[in-house]
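Contents: one structure, followed by commentary.
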Amino acid sequence: MNNGRRLTKQLSLLLIVTMLMTGCGQQSEAMIDGNNGGSYKLPEPITVSKVDEADKNETFVEKKSESETIGSSSASSEKAEAWDGKTKENTFKGDGYDLTFQLQNTWEGGFTANVVIKNTGAKKIRNWEVDFSLPCGIQQLWNAKLTGTDKSGYTVSANEDWNRDIEVGKSVEFGFNGQSNFDGFPATYKLSGELVEADATPAPAATTDPGTNPQDPNATPDPQEAEESDATDDIEDAKVTGGNQFKKHGRLKVKGRYIVDKNGKAFKLKGVSTHGIAWFPQYVNKSAFKSFKKWGANAVRLACYTSQGEQYNPSKDWKTIDKGVKAATELGMYAIIDWHILQENNPTMTTKKAKKFFKHFAKKYGKKTNVIFEICNEPNGCDWKDVKKYAKKIIPIIRKYSKNIIVCGTPTWSQDVDTAANSRLTGKYAKNVCYTIHFYAATHKDNIRNKVKYAFKKKLPILCTEFSICDASGNGSLDKKSANTWIKLFKKYKIGFFTWSLCNKAESSALIKSSCNKTGGFKKSDLTSAGKWFISKLK
């Protein structure tokens, strides 16, 4: 619907909040280890305007015109004490909104934070944007996009159609990792956007699929619509137990929005992902895989990072992949060969290397019924059109040698399955292709689950090739409640999942205790809390 057809008048909103508190430590250029759920160093700073001193006494301005304002009020400017090392969140309650800064995790030299914006007013807030002061570097921003930086902090805004509106009584949130020790909450915030009547007809959603307007994933789904949609599938679950899985179930294929076995029944891949095989090749062995098979896993994922900075070495890594495929095959397990895009952000940057990689492995293993090809792990800092462009170059190379399933990554560290659902691959590029969702349960909650729900309604075939129950850094506290909600959703939608990661690295997402020196023959006592939780979900 265009502006001329809107039935309600949009009023602009400026929300300026001043919270004088201590900030972070000195800015650090060092990257946090990002070999877990993915990390991304933000672009070089660009200039953004600072908050006027005169504006610090005005927190709520509703404008009817350039010259008329109503509804102004005063902000609190009480100075807060330095961070006590214990407080985990701070909330400012404004006129029609709450802003909450949540400290989710800290470690030496870094932290993870989440910012929640709740609409407590009587009107919808549209096209929100937040400035916040933070004199330290940040990386791996999620659920928002960076629109500016300066010495005092950052400006971020809504990055998707579904999160640009904050409905009355609802919230949106975004998060990031800080690059220094956390010393205090941001000193200032500035929130801006447009006020829209709560019952206003929403503006059209911009999509790359003409004629398709995705619903807001935050909206409550229509039970009748969901029931009618599911009723058209009529696909039973395959009975997945022990033994030789691919001998029983054959070459898997994509049918509608499901992965099915040779009998046409939905088959849920459930397995472990290795850490980067260049760093932890010792865990790519039959004994290690067998340990998880006895607990219920039917597949393994072999993660091969793609850049020299991540120790990519074909002469070594390719042999490790061979070892992994051989071990999985002997155990009757499925195996994903993963081209682990991360530091190189845009998969088109790796096209030349990827062509060589997939030609080699498709030619070698393309006839094996248990091998799956994942062509780009976590695209980030790029558009879906870039991923599609890359996929259209790699898929034909694999198809020359194999009919097996191909898994395609999605933007924003493989979170944007909703975007893929609106403009999926078509024609010869779409056959036997599914799309991946990645999540870290302590960070990615309903905001990302809603993307999965929307994509499922659009009948997009989805496979979760990487997740953990900690935060997006791969470390920090575990959120079993959120993780359980994810697994429940996957069970309902018949979506398979692979957990990160099979190693003993001293971090929350590792499945093996750092004190355990074994590389196979694991017992339950050798597992971390994340590992024990995971095997409980395999049965």
Side-chain angles (χ1 to χ4, degrees), residues 29-46 137-142 145-146 159 177 208 273-279 301-318 320-321 336-362 372-400 406-417 419-420 423-425 429 433 435-438 465-466 472 474 500:
E29 292 298 326
M31 291 282 291
I32 297 172
D33 184 325
N35 306 317
N36 313 295
S39 70
Y40 174 57
K41 189 172 183 180
L42 296 174
E44 291 299 316
I46 59 176
I138 66 174
Q139 63 184 109
Q140 197 180 6
L141 177 71
W142 51 86
K145 63 182 178 181
L146 179 74
N159 66 330
N177 287 332
T208 52
S273 175
T274 68
H275 201 294
I277 58 176
W279 288 293
R301 178 183 185 239
L302 306 168
C304 181
Y305 282 82
T306 62
S307 71
Q308 290 184 343
E310 296 160 322
Q311 309 303 311
Y312 175 57
N313 185 334
S315 64
K316 293 182 179 180
D317 294 344
W318 290 16
T320 303
I321 291 174
I336 294 180
I337 297 176
D338 165 40
W339 184 242
H340 204 82
I341 296 289
L342 186 62
Q343 296 277 348
E344 288 182 305
N345 302 354
N346 190 324
T348 60
M349 297 171 61
T350 73
T351 301
K352 185 176 180 180
K353 291 188 297 182
K355 284 182 176 179
K356 184 177 181 180
F357 179 88
F358 284 109
K359 180 179 180 180
H360 173 82
F361 286 111
I372 295 169
F373 302 97
E374 184 172 3
I375 61 175
C376 50
N377 165 63
E378 289 186 353
N380 59 88
C382 63
D383 295 327
W384 174 232
K385 65 181 180 181
D386 295 319
V387 181
K388 289 176 71 176
K389 178 181 178 181
Y390 165 83
K392 289 179 179 180
K393 292 182 179 179
I394 302 302
I395 289 174
I397 292 174
I398 298 174
R399 285 288 173 254
K400 184 177 179 180
I406 294 173
V407 184
C408 185
T410 56
T412 317
W413 296 277
S414 284
Q415 295 168 27
D416 294 346
V417 287
T419 301
S423 181
R424 67 191 73 192
L425 293 162
Y429 304 109
V433 171
Y435 303 80
T436 191
I437 180 73
H438 289 183
T465 57
E466 183 180 316
W500 183 271

(request) Would you please classify the geometry between the Tyr312 ring and the Trp339 ring as parallel, tilted or perpendicular, with 30° and 60° separating the classes? (result)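 The arrangement is perpendicular - the two ring planes meet at more than 60°.
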(message) Ring-plane angle category for Trp279 and Tyr305, please: parallel below 30°, perpendicular beyond 60°, tilted otherwise.
(response)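 Taking Tyr305 first and then Trp279, their aromatic rings stand perpendicular (interplane angle over 60°).
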(request) Compare all side-chain heavy atoms of Val387 with those of Cys408 and state whether any distance is below 4.5 angstrom. (result)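 The answer is yes; the side chains approach within 4.5 Å.
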(request) Could you tell me whether the side chain of Leu425 reaches within less than 4.5 Å of the side chain of Ile395, counting heavy atoms only? (result)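 Heavy-atom side-chain distance check passes, below 4.5 Å.
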(request) Just do the side chain to side chain donor-acceptor pair (under 3.5 Å) check on Glu344 and Thr350 with the steps written out, would you? (result) CA-CA 7 Å; Glu344 288 182 305; Thr350 73; 5.1 Å; no
Distance from [X] atom [atom1] to [Y] atom [atom2], nearest 0.5 Å?
{"X": "Ile277", "Y": "Ile321", "atom1": "CD1", "atom2": "CD1", "result": "4.0 Å"}
{"X": "Lys389", "Y": "Thr351", "atom1": "NZ", "atom2": "OG1", "result": "8.0 Å"}
{"X": "Lys392", "Y": "Tyr429", "atom1": "NZ", "atom2": "OH", "result": "6.0 Å"}
{"X": "Ile437", "Y": "Trp413", "atom1": "CD1", "atom2": "CH2", "result": "13.5 Å"}
{"X": "His340", "Y": "His275", "atom1": "NE2", "atom2": "NE2", "result": "8.0 Å"}
{"X": "Gln343", "Y": "Met349", "atom1": "CD", "atom2": "CE", "result": "10.0 Å"}

(message) Apply side-chain contact (heavy atoms from CB on, under 4.5 Å) to residues Ile372 and Val407 and explain how you reach the verdict.
(response) CA-CA 8 Å; Ile372 295 169; Val407 184; 3.7 Å; yes
Provide the closest heavy-atom pair for [X] versus [Y] in the form atom of the first, atom of the second, distance.
{"X": "Ile337", "Y": "Phe358", "result": "O-CE2, 4.3 Å"}
{"X": "Thr348", "Y": "Asn346", "result": "OG1-OD1, 2.7 Å"}
{"X": "Tyr435", "Y": "Ala420", "result": "CD2-CB, 4.0 Å"}
{"X": "Ser423", "Y": "Trp384", "result": "O-NE1, 2.7 Å"}
{"X": "Pro379", "Y": "Cys382", "result": "CB-SG, 3.8 Å"}
{"X": "Ser414", "Y": "Glu378", "result": "OG-CA, 3.8 Å"}

Does [X] use its side chain to pair, donor to acceptor, with the backbone of [Y] at less than 3.5 Å?
{"X": "Asn377", "Y": "Gly409", "value": "no"}
{"X": "Lys355", "Y": "Ile397", "value": "no"}
{"X": "Tyr390", "Y": "Ile375", "value": "yes"}
{"X": "Thr274", "Y": "Ala303", "value": "yes"}
{"X": "Asp383", "Y": "Lys385", "value": "no"}

(message) Check this for me: Lys359, atom NZ, are more than 12 non-hydrogen atoms of other residues, nucleotides or ligands nearer than 6.0 Å?
(response)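 At most 12 heavy atoms, drawn from other residues, nucleotides or ligands, come within 6.0 Å of this atom.
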(message) Heavy-atom count check: over 12 atoms from other residues, nucleotides or ligands less than 6.0 Å from Lys388 NZ?
(response)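 Enclosed.
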(request) Go through the steps for Ile406 and Arg399 under the test side-chain contact (heavy atoms from CB on, under 4.5 Å), then give the verdict. (result) CA-CA 9 Å; Ile406 294 173; Arg399 285 288 173 254; 3.6 Å; yes
(message) Using the rule given for side-chain contact (heavy atoms from CB on, under 4.5 Å), can you reason through Asp338 versus Leu302, listing the C-alpha separation, both sets of side-chain angles and the distance that settles it, and then say yes or no?
(response) CA-CA 6 Å; Asp338 165 40; Leu302 306 168; 5.9 Å; no
(request) List the steps and the verdict of side chain to side chain donor-acceptor pair (under 3.5 Å) for Glu374 and Thr465. (result) CA-CA 9 Å; Glu374 184 172 3; Thr465 57; 2.8 Å; yes
